[in-house]
Participant: 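Take a look at the following structure, please.
What you see below is based on every heavy atom in this structure, not just the backbone, and it leaves out hydrogens, waters and symmetry mates. Note that the coordinates shown come from a computational prediction; the quantities given were computed from them, not determined experimentally. In this chain, numbering begins with 1 at the start of the sequence shown.
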Amino acid sequence: MKGTDKFLIGIVAGIVLLVAAVLALALLRPPQQPGYQPDDTPEGVAHNYLLALQLDEYDRAYGYLSPTLPGYPGNAEAFGRDVQGNRWNFYRDPDRDVSLAVESAGVTGDRANVVVRQTVFRRGGLFDSGQYSNTFTMTLHREKGAWKVTRSDSYWADCWNWSEGCR
């Protein structure tokens with residue numbers, strides 16, 4: 001064999017080993033769950049509220065809701081019932097996966113508007129799948145030193161704004 005043939009075989013073998021190592025790392029690494037962020041910023045609270053809803057951790061999500069809402073649910077169980085009863089507002093559909101990312105926040109005194117990007121992936125057949133993105137705004141107020149969600153264009157039950165609450 002010539003020296004150039006050995007060199008070429010070495011390069012090809014190195015590439016094959018590198019690809020095998022990358023695939024092994026990608027396939028053997030446990031899936032990363034998104035984590036909670038500190039609760040001291042509006043962005044963190046918005047992220048945590050949405051993550052808790054996605055993980056069905058209603059006790060935690062309920063804690064981010066402002067108790068000053070006219071239709072504030074009496075407890076986390078009532079909150080969970082409200083979420084389930086308004087499932088279309090919370091994108092609870094087995095044929096869709098949703099990705100949420102906080103994009104920006106504008107803070108004025110004790111009020112903050114947080115913009116969130118939502119990407120919806122629709123599962124279906126070969127010709128019936130797709131995705132779309134949109135943004136929505138969440139409003140938070142600082143109450144007794146903690147940021148609380150007081151309004152959201154999505155992931156929100158409108159009946160929380162009514163004095164009689166959800167029924």
Side-chain angles (χ1 to χ4, degrees), residues 25-27 29-125 128-167:
L25 284 173
L27 295 175
R29 189 173 72 178
Q32 298 293 316
Q33 287 288 345
Y36 287 104
Q37 297 179 1
D39 291 336
D40 55 354
T41 65
E43 299 95 322
V45 170
H47 169 85
N48 293 345
Y49 169 78
L50 294 168
L51 180 59
L53 285 171
Q54 285 186 313
L55 298 175
D56 294 331
E57 294 178 359
Y58 295 137
D59 289 340
R60 184 161 188 160
Y62 176 69
Y64 294 115
L65 201 63
S66 173
T68 64
L69 293 170
Y72 181 70
N75 55 44
E77 290 78 26
F79 174 84
R81 283 192 304 273
D82 293 350
V83 170
Q84 294 299 323
N86 293 278
R87 60 186 292 122
W88 57 90
N89 290 340
F90 292 87
Y91 292 86
R92 298 186 127 356
D93 183 347
D95 293 329
R96 296 172 193 242
D97 290 320
V98 179
S99 172
L100 299 165
V102 173
E103 286 200 335
S104 64
V107 179
T108 306
D110 287 337
R111 179 187 167 123
N113 287 320
V114 177
V115 177
V116 178
R117 173 155 305 278
Q118 173 188 46
T119 304
V120 178
F121 304 92
R122 192 179 71 229
R123 290 184 287 231
D128 190 30
S129 57
Q131 77 178 45
Y132 64 90
S133 291
N134 65 305
T135 59
F136 64 91
T137 302
M138 298 177 69
T139 303
L140 292 87
H141 285 96
R142 191 178 355 236
E143 299 172 4
K144 298 180 183 174
W147 288 101
K148 298 290 184 177
V149 181
T150 58
R151 181 80 181 114
S152 182
D153 296 333
S154 289
Y155 299 88
W156 189 259
D158 287 328
C159 53
W160 295 335
N161 298 322
W162 309 333
S163 59
E164 61 272 3
C166 299
R167 294 178 188 243

Participant: Distance from Arg151 atom CZ to Thr137 atom OG1, nearest 0.5 Å?
Facilitator: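 These two atoms lie 10.5 Å from each other.
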Participant: Check whether any side-chain N or O of Thr108 sits under 3.5 Å from a backbone N or O of Arg111 as a donor-acceptor pair, and report yes or no.
Facilitator: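 Checked: no pair found.
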Participant: Between Tyr155 and Gln54, do the side chains contain an N or O donor and an N or O acceptor separated by less than 3.5 Å?
Facilitator: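 Tyr155 vs Gln54: no donor-acceptor pair found between side chains.
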Participant: What's the separation between atom CD in Glu77 and atom CG in Asp59, rounded to the nearest 0.5 Å?
Facilitator: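 Rounded to the nearest 0.5 Å, the CD-CG separation comes to 6.5 Å.
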Participant: How far apart are the closest heavy atoms of Asn89 and Ala157, and which atoms are they?
Facilitator: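 Scanning both residues, the minimum pair turns out to be ND2-CA, 4.5 Å.
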Participant: What heavy-atom pair brings Ser66 and Glu143 nearest, and what distance separates the two atoms?
Facilitator: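 Minimum heavy-atom contact is OG-OE2, 2.6 Å.
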Participant: Closest heavy-atom contact between Leu65 and Trp156?
Facilitator: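 Here Leu65 and Trp156 meet closest at CD1-CZ3, 3.4 Å.
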Participant: List the atom of His47, the atom of Gly35, and the distance in Å for their closest heavy-atom pair.
Facilitator: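 In this case the closest contact between His47 and Gly35 is NE2-O, 2.8 Å.
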Participant: Applying side-chain contact (heavy atoms from CB on, under 4.5 Å) between Trp147 and each of Val107, Val114, Asp39, report the one that passes.
Facilitator: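 Answer to the side-chain contact (heavy atoms from CB on, under 4.5 Å) test with Trp147 among Val107, Val114, Asp39: Val107.
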Participant: Look up atom CG in Leu50 and atom CG in Leu55, then write down how far apart they are to the nearest 0.5 Å.
Facilitator: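 Answer rounded to 0.5 Å: 11.0 Å.
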Participant: Work out which heavy atom in Pro73 is nearest to a heavy atom in Tyr62; give both atom names and the distance.
Facilitator: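 So the two residues come closest at O-OH, 2.7 Å.
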Participant: Is the centre of the Tyr49 ring less than 6.0 Å from the centre of the Tyr64 ring?
Facilitator: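 No, they do not, as the ring centres are separated by 6.0 Å or more.
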Participant: Please report the interatomic distance SG(Cys166) to CG(Asn161), rounded to the nearest 0.5 Å.
Facilitator: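 Going from the SG atom of Cys166 to the CG atom of Asn161 covers 9.5 Å.
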Participant: What's the shortest heavy-atom distance between Phe79 and Ala61, and which atoms?
Facilitator: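 What the structure gives for the nearest pair is CE2-CB, 3.7 Å.
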Participant: For Asn48 and Gln37, indicate whether the former's side chain and the latter's backbone hold a donor-acceptor pair under 3.5 Å.
Facilitator: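 Flag set: sc Asn48 to bb Gln37 pair under 3.5 Å.
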Participant: Nearest 0.5 Å, what's the OG1-CG distance between Thr135 and Asp153?
Facilitator: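 Going from the OG1 atom of Thr135 to the CG atom of Asp153 covers 9.0 Å.
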Participant: Show your working on side chain to side chain contact (heavy atoms under 4.5 Å, CB included) between Asp110 and His141 and close with a plain yes or no.
Facilitator: CA-CA 5 Å; Asp110 287 337; His141 285 96; 5.6 Å; no
Participant: Got a list of side-chain donor-acceptor pairs under 3.5 Å for residues 96-104, not counting sequence neighbours?
Facilitator:
{"from": "Arg96", "atom 1": "NE", "to": "Asp93", "atom 2": "OD2", "distance (Å)": "3.1"}
{"from": "Arg96", "atom 1": "NH1", "to": "Tyr132", "atom 2": "OH", "distance (Å)": "3.4"}
{"from": "Asp97", "atom 1": "OD1", "to": "Arg123", "atom 2": "NH1", "distance (Å)": "3.3"}
{"from": "Asp97", "atom 1": "OD2", "to": "Arg123", "atom 2": "NH1", "distance (Å)": "3.0"}
{"from": "Glu103", "atom 1": "OE2", "to": "Arg117", "atom 2": "NE", "distance (Å)": "2.8"}

Participant: For Gly109, is there any backbone N or O sitting under 3.5 Å from a side-chain donor or acceptor partner on Arg142?
Facilitator: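 Between the backbone of Gly109 and the side chain of Arg142 there is a qualifying donor-acceptor contact (under 3.5 Å).
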Participant: Is any NZ, NE, NH1 or NH2 atom of the basic residue among Asp82 and Arg87 found under 4.0 Å from an Asp or Glu carboxylate oxygen of the other?
Facilitator: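 No salt bridge links Asp82 with Arg87.
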